[in-house]
Structures are given as structure tokens and as C-alpha cells.
Amino acid sequence: MSHPPLLGRLIETVPSATDDLLVTVRRLSDDEVRRPSALPGWSVGHVLTHIARNADALTNLTNWARTSVPTPAYSSPESRNADIEAGAARPVAAQLADLAGGTAKFLQAVAEVPDANWETEVSWPNGKGRPAWMILPARLTELEVHHVDLGLGRTFADVEPWLRDVLLDYAMTNRPGLGFGLRADDTGWARDEPGARIVSGDSAALLGWLLGRADGTDLTYDGELPSLPAWG
């Protein structure tokens, strides 16, 4: 599998997606950072800290691609969770500095990867091996999906249509062999399975359902919507 022609566009989109997130965060007070997010059990600060630590994790994988030296995303699941808890209650200024600094390091690491090295297989935190170019849609998924998860008014409809298609493609990396087809009526994105029934609807609604952020009531399907495996 070769890396996609739009890899450069994905790299260029990371700073703008980060800037959109930072605009949202700058509107917060320190107290609002501690309010519940749309993710059960997590505050806004938990989500922001997770996004920052994900930048560190994907920087590690990017360095693996550049050097061919195995570098795990996180040292352990326990340390990942501990880092998120430790950073969740920080004030807005600290959250902003962490997000911006992590993105700068990530983009510097990305800039140093030779083009051919984007085919290097690296291990995701779930243990699956994937080509390194998938680090870019992974980062954009983290930025866009968790921006919505903050529960501060952002929706998947605010994501550009072409990028929604990219995020749908990435979402399908965790949704193999569903047994039904998928089709976005607005963008034309589709993943059909021969002879299978189709779940269709607006790409924003389809993305929310695939990622477990929506119940799919605004989607079209012949019968009861299928159950999805847990996202991960």
C-alpha cells in the first residue's frame, strides 16, 4: 500500500485544525476546563490533555518512521492514563502552551521523514502494524473528533467535506468486515460490500455514528441499524 497523493495536504491541515482547536480553548475560563466534556468521565481538561499527549505519541511513531528504530507511542497504558489525569486540571494557559508545543514538535518530526520512509510499518498502541503515513489521518482524527468531544458547540458538520471523507477512511481501519456497506450522500464517499445492505446519510452523521458519537437516527438503512464494535 503506497501513501496517498494527498499526504501533503494532510500535513498542511494539521496546523489549521490545531488553530481551530486553540481558538475554542482560548474562550475558556480555568473553571470551564474542569467542567464535564461530552466523553463520560472526562472533563474538558482530560480531553485537551489527551490531545496533547497524543501529539507526543505520534511524534514517537514519526521518529520511528524516520530512523527505523522502534519507538512505541506510549511507554505503557498506565503511564498514558496517569499523564492524562495529571494534566487535566491545569489552567487554560498551560493547556494552550502544551497543545501548541506538542503540535510544533510533531510537525518538525514529520518534516524530517524522508518520503520513502512513510511506507515504514510502525506499531499502533493497540499493537497493530500500520504504514507510517497513517500517522497523519490519525492526528487529524484526534484533533477533529476530540474538538467535538469537548462539548463546546463544535460538530462534525464543521469539518470540511474532503476531510470528513479522510476521517471516514481512517475510521474504517477500526471497522473491518462490517457486513454492510456505507455511503455518504453529500460527498460521494462509499465503502460497499457486494450484496450487502447500505447505511447511508450525510457524511457528518455517518462519521459521528461510526465513531460512536451518535446513535445514527438520522441515517438510512433497511431495517434496524447494525451494532458496531467498540471504537479503538
side-chain contact (heavy atoms from CB on, under 4.5 Å) between Gln95 and Thr49, worked out: CA-CA 7 Å; Gln95 301 280 5; Thr49 303; 3.4 Å; yes

Please step through side-chain contact (heavy atoms from CB on, under 4.5 Å) for the pair Thr173 and Lys128, ending with a clear verdict. CA-CA 10 Å; Thr173 65; Lys128 294 180 180 178; over 6 Å; no

May I have the step-by-step check of side-chain contact (heavy atoms from CB on, under 4.5 Å) for Leu152 and Arg27, ending in yes or no? CA-CA 10 Å; Leu152 299 172; Arg27 300 191 185 113; over 6 Å; no

Assess whether side-chain contact (heavy atoms from CB on, under 4.5 Å) is satisfied between Val122 and Thr71, documenting all intermediate values. CA-CA 8 Å; Val122 298; Thr71 310; over 6 Å; no

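Rounding to the nearest 0.5 Å places CG of Asn63 at 10.0 Å from CD of Gln108. From Glu142, atom CD reaches atom OH of Tyr170 across 7.0 Å, with rounding to the nearest 0.5 Å. Of the inter-residue distances, the one linking Thr18 atom OG1 with Leu143 atom CG reads 4.5 Å to the nearest 0.5 angstrom. One distance of note links CD1 of Ile198 with CD of Glu193; it measures 8.5 Å at 0.5 Å rounding. Atoms CZ and CG, from Phe106 and Leu136 in turn, are 5.5 Å apart once rounded to the nearest 0.5 Å. Summarising the geometry, atom CG belonging to Leu61 is positioned 12.0 Å from atom CZ belonging to Arg139; distances are rounded to the nearest 0.5 Å.
Counting only heavy atoms from C-beta outward, the side chains of Leu39 and Arg213 approach each other to under 4.5 Å. Side-chain atoms of Trp189 and Asp169, non-hydrogen and from C-beta on, do get closer than 4.5 Å to each other. Looking at Val166 and Leu163, their side chains come closer than 4.5 Å, going by heavy atoms from C-beta outward. You'll find the side chain of Leu150 reaches within 4.5 Å of the side chain of Leu48, heavy atoms only. Ile11 is listed as a side-chain neighbour of Leu7, based on a closest heavy-atom distance under 4.5 Å.
Here the shortest heavy-atom pairing between Leu140 and Ala17 reads CD2-CB, 4.0 Å. Nearest heavy-atom pair across Pro226 and Val199 is CD-CG2, 4.2 Å. Between Gly201 and Asp186, the closest heavy-atom pair is O-OD1, 4.3 Å. The shortest heavy-atom contact between Trp209 and Leu182 is CZ3-CD2, 3.9 Å. Heavy-atom minimum distance, Leu167 versus Pro137: CD2-O, 4.4 Å. Here the closest non-hydrogen pair linking Pro15 and Leu107 is CG-CD1, 3.5 Å.
Judged purely by atom type and a 3.5 angstrom limit, Asp30 has no side-chain atom pairing as donor or acceptor with the backbone of Pro91. Judged purely by atom type and a 3.5 angstrom limit, Asp185 has no side-chain atom pairing as donor or acceptor with the backbone of Asp202. For the pair Arg66 (side chain) and Thr62 (backbone), a donor-acceptor distance under 3.5 Å is absent.
Partners of Ser29 by side-chain contact (heavy atoms from CB on, under 4.5 Å), not counting sequence neighbours, listed by chain and number: Asp31, Glu32. Judged as a salt bridge (Lys or Arg N to Asp or Glu O under 4.0 Å), and not counting sequence neighbours, Asp215 has no contacts. With sequence neighbours excluded, no residue forms a salt bridge (Lys or Arg N to Asp or Glu O under 4.0 Å) with Asp158. Here Asp192 pairs with Arg183 under the salt bridge (Lys or Arg N to Asp or Glu O under 4.0 Å) rule; sequence neighbours left out. For Asp83, there are no salt bridge (Lys or Arg N to Asp or Glu O under 4.0 Å) partners, not counting sequence neighbours.
Ion pairing of Glu144 with Arg164 is absent here, as no side-chain N (NZ or NE/NH1/NH2) approaches a carboxylate O to less than 4.0 Å. Salt bridge status for Asp56 with Lys105: absent, with no side-chain N to carboxylate O gap under 4.0 Å.
Side-chain atoms of Asp165 and Thr187 form a donor-acceptor pair, as typed in the model, at a separation below 3.5 Å. In summary, the side chains of Asp149 and Ser37 do not present any donor paired with an acceptor at a separation below 3.5 Å, with no hydrogens or angles considered.
Val110 and Trp124 fall within a single hydrophobic cluster, where Ile, Leu, Val, Met, Phe, Trp and Tyr are joined by side-chain heavy atoms under 4.5 Å apart, directly or via other members. Both Phe180 and Leu219 belong to a common hydrophobic cluster when Ile, Leu, Val, Met, Phe, Trp and Tyr are linked at side-chain heavy-atom distances under 4.5 angstrom.
Identified under the ring pair (Phe, Tyr, Trp, His ring centres under 6.0 Å) test for residues 134-157, with sequence neighbours left out: His50-His146.
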